[in-house]
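Encoded as structure tokens, the structure appears first; notes follow it.
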Protein chains: 2
Amino acid sequence: MSHITLKDIAREAGVSTTTVSRALNNKNDISISTKQRILKLAKKMGYTPNAIARGLKIKQTQTVGVAIADISDPFFAPIVKGIEKAAHQEGYHIILCDTDEDYKKEEEALRTLIEKRVDGLLVTPAQTDYKDITELKRRKIPFVLLGRHFNFELFETDYVATDDIEGAFSATTYLIKKGHKRILFINGPDYVSSAKERLAGYKRALLEAGIGIDQSLIRKGGIKMEDGYKIMKEELKKSLNFTAVFAYSDFVALGVIKALKEAHLKIPRDIAVVGYDDIEVAAFLEVPLTTVRIPKYELGVEGFKLLKRKIANEISSPQKVILPTELIIRKSA
Amino acid sequence: MSHITLKDIAREAGVSTTTVSRALNNKNDISISTKQRILKLAKKMGYTPNAIARGLKIKQTQTVGVAIADISDPFFAPIVKGIEKAAHQEGYHIILCDTDEDYKKEEEALRTLIEKRVDGLLVTPAQTDYKDITELKRRKIPFVLLGRHFNFELFETDYVATDDIEGAFSATTYLIKKGHKRILFINGPDYVSSAKERLAGYKRALLEAGIGIDQSLIRKGGIKMEDGYKIMKEELKKSLNFTAVFAYSDFVALGVIKALKEAHLKIPRDIAVVGYDDIEVAAFLEVPLTTVRIPKYELGVEGFKLLKRKIANEISSPQKVILPTELIIRKSA
DNA sequence: CTGTTAGCGCCTTCAA
DNA sequence: TTGAAGGCGCTAACAG
């Protein structure tokens, strides 16, 4: 477990550590013969460079921190994969922190990630607070927000996300075109930007279709399957005054579907259901789910790419990258 | 982006860096008053310790490397989550590498992870080769294998996995009890330990039931959905001489189900299907999937715990931790 | 209780 | 083309 160092090689080769360093880093102010001799020796001795020492010296770690809400969630996992692939391609590693959608944990994650001196950060902010993010900005630590963002007018940050107004608009419009006039919208927590945007898209679609907005058809706070289930159960106790449900996420839709099934309501015959995200399950459900696809992997890739540019100081003013969504029509609506 | 250092604080406080270090690390060979004075000052100055420098000095990074086959796979993602949670609890971070089930990438991942001087490694080995793992052992770098392992008699390593002989045995026995005598087994690649074990469990169940083993009912090489689909398509072209399918994984089962559906065969009426892993989708399928559950999150947690003990040198001889599987009976068989 | 010295492993001047 | 010296930020002896 003790590693070979430059010094070990230098001693063995009868040169200085500087020379060894030069050889290993393939510099040109060294003779080809000694370079090759040292390279061969290093290999023979099983030398593995110490990136920690190097990082301390050159002040960059080739590592980015990733603070994500829930790694095992089929929505976030592909994002992480995209980040990892893009990072790896550029010679970066990722340190992963799972924040459980909890601001306190997010704050702690960012702090410890900074202690690890990551070159930059990728974050899906919980958004119940944002002191930690402003702190990042104040300290000029490169970071990019993923899938969510703050009001750009008030708090400018780089981010990559999808246009959720557009996504929700197309989903709602689709339902309207199918003849639905009363669409129950089960939204996420209203402090999350994506929930705000989806609500806006939903409203805009209704307005453009000349359908009034009925506040009683807008429910908020759903994010997990249980939320969708609970809210749907409540709604089903009332008189059924809607013909379709638009859910904040596919997970919420899953809960909705479960409640509907228990009530012996057929999808889409009795109630149409549209989700959001297009997680892998969506296509395999008993009634395959119509949903708005978010390019998750690409979100990760683009997130890293933008971060990389930030790190390289190629970006002056905050940049937003908006990826397109796509309405995936299956059987549920 | 330039950080405050001990030296900065020391200068400001009029003490030596050592004293500051002592205060920050809450040592007791320092007066309470100066300790508090320094702590307050450090906070005020916005000090964030440099874990890189610390790591270089104390020769540990409080970081473990995770080389996993596919982060976005619903089988592996919960494992990673388990690792992260367990690691975080002990003050560790994880550096994540996605190996795509490819030995070359795995080898590279391990090498670069070692360069980052992780304190230990968690690996789901691709098993097409194992030089990289032996190298780990030779260099006495603490590591634990996850979900897979090498023949313990030939190559001892620490690992945490499930008893897949038992898992496959219980699944096959269940099918037999349901009256199936001809069970098609679509196995994974035969160099993976879990595939070997599942095959053994399948055979044992048949033997114990006094049913002969028909090699034509054993297919290998399936791991992804497409594999299951392709193999099932092939089998369906022949005369249908089996009444049940036992798939290496739920993903393979998904492919099988798709092929069955296209052939207008009903599950379980015409053909019963049993999967393995119990990924999240399994419960939500049109015909909920009967499968063998692997405690994925726990696998990650136990993996980290064992690694931690390895790192702390609390383990002399290679240790295996076997987690129980559970047959989850749903509708598909 | 506090400071001085030294060094973790590496890279970067600067001289030779 | 090579080496010596210094230092990244931190901690661990060792003195005092």
Side-chain angles (χ1 to χ4, degrees), chain A residues 1-39 41-42 45-63 91 112 114-119 139 141, chain B residues 1-39 41-42 45-63 91 112 114-119 139 141:
Chain A
M1 183 58 177
S2 75
H3 300 270
I4 306 290
T5 67
L6 288 192
K7 209 199 275 183
D8 297 325
I9 301 177
R11 192 186 315 114
E12 195 76 9
V15 295
S16 71
T17 58
T18 312
T19 302
V20 178
S21 171
R22 281 196 268 252
L24 260 17
N25 289 315
N26 199 27
K27 303 271 175 159
N28 45 6
D29 53 348
I30 179 178
S31 76
I32 304 199
S33 61
T34 48
K35 182 188 287 187
Q36 295 197 324
R37 186 166 59 92
I38 289 171
L39 251 28
L41 185 59
M45 295 175 73
Y47 173 73
T48 313
N50 185 329
I52 293 294
R54 183 165 209 274
L56 178 61
K57 177 67 192 176
I58 69 174
K59 290 171 175 298
Q60 43 167 338
T61 53
Q62 294 290 112
T63 303
T112 54
I114 295 173
E115 293 186 1
K116 285 263 160 63
R117 293 299 188 263
V118 293
D119 296 337
R139 295 177 65 164
I141 293 171
Chain B
M1 182 58 179
S2 76
H3 300 270
I4 306 288
T5 68
L6 287 194
K7 209 200 275 183
D8 297 325
I9 301 177
R11 193 186 315 114
E12 195 75 10
V15 296
S16 72
T17 59
T18 310
T19 301
V20 178
S21 171
R22 280 195 269 249
L24 261 18
N25 289 314
N26 198 27
K27 304 270 175 163
N28 45 7
D29 53 349
I30 179 176
S31 75
I32 304 200
S33 61
T34 49
K35 182 187 288 188
Q36 295 196 326
R37 185 165 60 93
I38 289 170
L39 252 27
L41 185 58
M45 294 175 73
Y47 174 73
T48 315
N50 185 328
I52 293 295
R54 183 165 209 273
L56 177 61
K57 176 67 189 180
I58 69 174
K59 289 171 175 301
Q60 42 168 341
T61 53
Q62 294 290 111
T63 304
T112 54
I114 295 173
E115 293 186 0
K116 286 262 159 63
R117 294 300 188 263
V118 293
D119 295 336
R139 295 177 66 164
I141 293 171

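Atoms considered below: every heavy atom in the structure, side chains included; atoms not considered: hydrogens, waters and symmetry mates. Each chain gets a letter, A, B and so on, in the order the sequences are listed, and its residues count up from 1.
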Output the single nucleotide from D:dT2, D:dA4, D:dC10 whose closest atom is nearest the side chain of A:T18. D:dA4
DNA chain C: B:T19 or B:A53, which has the more 5' nearest nucleotide? B:T19
What's the CG-P distance between B:L24 and D:dG9, to the nearest Å? 15 Å
Identify which nucleotide among C:dT12, D:dA12, D:dG9 has an atom closest to any side-chain atom of A:L56, counting heavy atoms from C-beta outward. D:dG9
Take the protein atom CD1 of B:I32 and the nucleotide atom P of C:dT2, then report the distance between them rounded to whole Å. 11 Å
Would you say the side chains of B:T18 and B:S21 form a donor-acceptor pair under 3.5 Å? no
Is A:S31 near enough to D:dT1 that one of its side-chain N or O atoms lies under 4.0 angstrom from OP1 or OP2? no
Rounded to whole angstroms, how far apart are CD1 on B:I38 and P on D:dT11? 13 Å
Would you tell me if any nitrogen or oxygen in the side chain of A:K35 comes within less than 4.0 Å of OP1 or OP2 on D:dT1? no
Check whether any side-chain N or O of A:T5 sits under 4.0 Å from OP1 or OP2 of C:dG9, and answer yes or no. no
Can you measure B:K59 atom NZ to C:dA6 atom C1' for me and round it to whole angstrom units? 14 Å
Under 4.0 Å between any heavy atoms, over every strand shown, what does B:N50 touch: base, sugar-phosphate, or nothing? Just pick one. sugar-phosphate
Cut-off 3.5 Å, side chains only: do B:T63 and B:K116 have a donor facing an acceptor? no
Would you indicate which nucleotide in D:dG3, D:dT11, C:dC10 comes nearest to any side-chain atom of A:R54? C:dC10
Return no unless some side-chain N or O of A:Y47 is found under 4.0 Å from OP1 or OP2 of C:dC10. yes
Check every strand shown and say whether B:K27 touches a base, only sugar-phosphate, or nothing at a heavy-atom separation below 4.0 Å. sugar-phosphate
Can you tell me which residue among B:L39, B:L6, B:D8 is in a side-chain contact (heavy atoms from CB on, under 4.5 Å) with B:Y47? B:L6
5' priority, DNA chain C, between B:G14 and B:I58 [closest heavy atom]: B:G14
Taking the side chain of A:L6 as heavy atoms from C-beta outward, which of D:dG9, C:dC10, D:dT2 is closest to it? C:dC10
Assess whether one donor atom and one acceptor atom, taken from the side chain of B:R22 and the base of C:dG3, lie less than 3.5 Å apart. yes
